[in-house]
Amino acid sequence: TYTYRSWISGLCLTGRVAEAKEFVDGLHRQDISLNEMCYSALLHGYCQAGRLEDALRTARDMVERGVNVDLVCYGVLMNGNLRNHDICGAFSLLDEMRDLRMRPGHVIYTSMIDAYGKSGKLDAAVETWEVMIGEGCRPNVVTYTALVNGLCKAGYIDKAELFMKEMLTTRCFPNTVTFGCVLDYLTTIGNMESAVQLHHAMREGLLTNNATYNMLIRGFCKLGKMQEASSVLAQMVESGLFPD
RNA sequence: ACUGAAAAUCCA
């Protein structure tokens, strides 16, 4: 099963869901039963390909075969529904989980907060955050970052910084992605002075990468400041990164 | 242990 899990996951990662499905069917013909990890890999493949129907059908198949649809499987399905803007589907999954007395957990809350943030519903995102806290569920760096990203994208930079300050008091320190959200905000509104300042601080903390440099360069280019952009590019190469 | 799920730029 360990081998099959990797193989199915690998096929799906390279966009070969159909082959993964055939592989699974083949195993079933040999009366080999798969565990929930193999199935979640397949579910993930379907969701990545936007084939929600097939994913749900597979989930029903799991139930029929007596395979436990665990939290990870629900997480995959939730994320697939949310990425498809299928709020109804997402809520029916939540109901289903509630009936099974399963709690969403921080990963699923992260998906929800991220989805709300990406669609500009910051009030709903924060509300979800509070429900999560109320359940005693601890957010991690990714959860915080999803919220910070939504707040930055909506222009609530002060709110975002408030949450980042809160992170410093917990065990999850803001990482490259978290700071990247703020950096993207600054470069998007053209506040390059603050952006450069932040990037400097990030560089000291070894929190820069291709993406952060890309944001800076894009910001300068958008303002027509090609001279500045080229010096950032030079520094990028100096840092041992490979511009893409 | 990036092992089956979640976060930033770009990628039409």
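Numbers restart at 1 for each chain; the letters A, B, ... are given by sequence-line order, proteins then strands. The analysis underlying the following values was restricted to heavy atoms, covering all of them including side chains, and did not include hydrogens, waters or symmetry mates.
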Novice: Do A:Asp54 and A:Lys21 meet the salt-bridge criterion of a basic N to acidic O distance under 4.0 Å?
Specialist: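 Not counted as a salt bridge, because no side-chain N and carboxylate O are separated by less than 4.0 Å.
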Novice: Could you give the CG-to-P distance, from A:Asn35 to B:A5, as a whole number of Å?
Specialist: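 One finds 13 Å between P of B:A5 and CG of A:Asn35, rounded.
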Novice: When the ring centroid of A:His199 is compared with that of A:Tyr213, is the distance short of 6.0 Å?
Specialist: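 Yes, ring centres under 6.0 Å apart.
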Novice: In whole Å, measure the gap between the P atoms of B:A6 and B:C2 for me.
Specialist: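 Taking atom P in both B:A6 and B:C2, they lie 15 Å apart.
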Novice: To check you understand the geometry: which heavy-atom pair defines the closest contact between A:Thr178 and A:Val148, and what is its length?
Specialist: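 Nearest heavy atoms, A:Thr178 then A:Val148: O-CG1, 4.3 Å.
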Novice: Taking atom C1' in both B:A8 and B:G4, compute the distance separating them and give it to the nearest angstrom.
Specialist: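 So the two C1' atoms sit 24 Å from each other.
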Novice: Which is true for A:Leu71 with a 4.0 Å heavy-atom rule: it touches a base, it touches only sugar-phosphate, or it touches nothing?
Specialist: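 Base contact.
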Novice: Report the distance from atom CG of A:Leu82 to atom CD1 of A:Ile87, rounding to the nearest 0.5 Å.
Specialist: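 That separation rounds to 6.0 Å.
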Novice: Quote, to the nearest angstrom, the C1' distance that separates B:A5 from B:U9.
Specialist: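 One C1' to the other, the span is 23 Å.
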Novice: Could you check whether A:Cys152 gets within reach of a base, just the sugar-phosphate, or nothing at all, counting any heavy atom under 4.0 Å?
Specialist: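 Nothing, no heavy atom under 4.0 Å.
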Novice: Report, as a single string ordered 5' to 3', how protein heavy atoms within less than 4.0 Å touch nucleotides 6-12 of chain B: B base, S sugar-phosphate only, - not at all.
Specialist: BBBBS--
Novice: So that I know where these two stand, are A:Tyr144 and A:Trp129 an aromatic pair - ring centroids less than 6.0 Å apart?
Specialist: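 Yes, they do, as the ring centres are separated by less than 6.0 Å.
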Novice: Identify whether the distance between the nearest side-chain nitrogen and carboxylate oxygen of A:Asp114 and A:Lys118 falls below 4.0 Å.
Specialist: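 Salt bridge: yes.
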